[in-house]
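What's counted below: heavy atoms across the whole structure, side chains too, no hydrogens, waters or symmetry copies.
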Amino acid sequence: MKVFSSPAIKKALDEVITTFRQETGASIDAVFEPTVQLLRRIDAGESFDVMIAVTESFGSLTTVVDPHTVVSVARAGIGVAVKRGTPEPDISTADSFVQTLRAANSVAYSGVGASGAYFAALLDKLGLRADVGARATVVKQGYVAQAVVTGNADIAIQQLSELLFVPQAHIVGPLPAELQHYTEFSAAVSAQSSDPARAQAFVNFLTSPPAQTAYVQTRLELPTAPAQ
């Protein structure tokens, strides 16, 4: 069974897949890429059995996935990380967060993921495009927090669940509540799945208590409402 998934839930999904394999004996090949890149794979004709991606993306995939199988599994908030061992910047309020951004030599954010798209828009909203944006480090591949480890940036902005993948980075915390943005992820069975019953069983498992525990332990949150 091939699973397409956003990397935002990879740390949790690694554990979920292991548990599902142990319980069912299923063989799972997981591909972790940002939703936009998964959509390119689909456009190129690549087959899959289950897709876990940004919920909004399923609206254009009604002929690719079975719309009756779409279910919300988790949501991810955006956070801030610095190199481990360096002082924590103040991000407790919107004003202090803005001051922290202005003081940084460079702020790193994703050039391909949902968190990066939101942060780029946030720079415009806060009037920081000419200042902070001009000095930003835009990461086109890999985990953004790696930029603070290498010294290319002082601050990394990415979904909290992805910041976890760089142990040399220290997660300061989530964005201030008034600036926070959540990306919801849903799962669905491919309309062309080679084993739709097994694929549906896996999608069902993604909303089980063991899966939900894995989400929470990896800085994801449970969705506020099921996908329609």
Side-chain angles (χ1 to χ4, degrees), residues 5-12 32-38 53-57 74-185 215-221 223:
S5 176
S6 163
I9 67 168
K10 183 182 187 303
K11 190 168 280 289
F32 294 97
E33 290 185 353
T35 295
V36 64
Q37 294 180 11
L38 294 176
V54 175
T55 298
E56 289 79 4
S57 67
R75 68 175 191 169
I78 298 173
V80 176
V82 296
K83 185 176 182 180
R84 189 170 295 280
T86 60
E88 283 195 4
D90 185 1
I91 60 169
S92 58
T93 66
D95 286 343
S96 62
F97 177 66
V98 168
Q99 292 173 9
T100 290
L101 294 180
R102 288 189 185 279
N105 290 320
S106 182
V107 177
Y109 66 95
S110 173
V112 294
S115 64
Y118 171 75
F119 184 69
L122 183 62
L123 290 178
D124 288 331
K125 179 180 178 181
L126 297 174
L128 299 175
R129 170 67 67 179
D131 181 9
V132 177
R135 295 180 280 112
T137 299
V138 181
V139 179
K140 298 293 181 67
Q141 185 176 13
Y143 295 106
V144 174
Q146 192 62 40
V148 300
V149 176
T150 60
N152 291 327
D154 306 320
I155 295 171
I157 308 288
Q158 197 171 25
Q159 286 161 338
L160 286 158
S161 57
E162 293 187 79
L163 293 175
L164 278 175
F165 275 95
V166 183
Q168 303 95 328
H170 169 67
I171 298 176
V172 180
L175 296 188
E178 59 267 47
L179 300 179
Q180 183 58 272
H181 173 76
Y182 291 97
T183 300
E184 185 181 81
F185 298 93
Y215 302 146
V216 173
Q217 289 176 341
T218 55
R219 289 187 177 262
L220 292 164
E221 298 182 14

*Can you check whether Asn105's main-chain N or O pairs, donor with acceptor, with Asp154's side chain at less than 3.5 Å?*
yes

*Ser5 side chain to Phe32 main-chain N or O, any donor-acceptor pair under 3.5 Å?*
no

*Atom CZ in Arg84, atom NE2 in His170: separation rounded to 0.5 Å?*
7.0 Å

*Judged by modelled atom types alone, do Ser115 and Ser110 share a side-chain donor-acceptor pair under 3.5 Å?*
no

*Under 30°, 30 to 60°, or over 60°: which ring-plane class applies to Phe97 and Phe119, parallel, tilted or perpendicular?*
perpendicular

*Between the side chain of Arg102 and the main-chain N/O of Asp131, is any donor-acceptor distance below 3.5 Å?*
no

*Does the Thr100 side chain pair with the main chain of Asp90, one donor and one acceptor, at a distance under 3.5 Å?*
yes

*Residue among Val144, Thr150, Val148 satisfying side-chain contact (heavy atoms from CB on, under 4.5 Å) with Gln146*: Thr150

*Can you tell me how far the CD1 atom of Ile9 sits from the NZ atom of Lys11, to the nearest 0.5 Å?*
13.5 Å

*Check Ile155, Val98, Leu123 against Val132 for a side-chain contact (heavy atoms from CB on, under 4.5 Å) and give me the one that passes.*
Leu123

*Under 3.5 Å, side chain of Gln180 to main-chain N/O of Ile78, donor-acceptor pair present?*
yes

*Could you tell me whether a side-chain N or O of Ser161 sits under 3.5 Å from a main-chain N or O of Thr218, the two making a donor and an acceptor?*
no

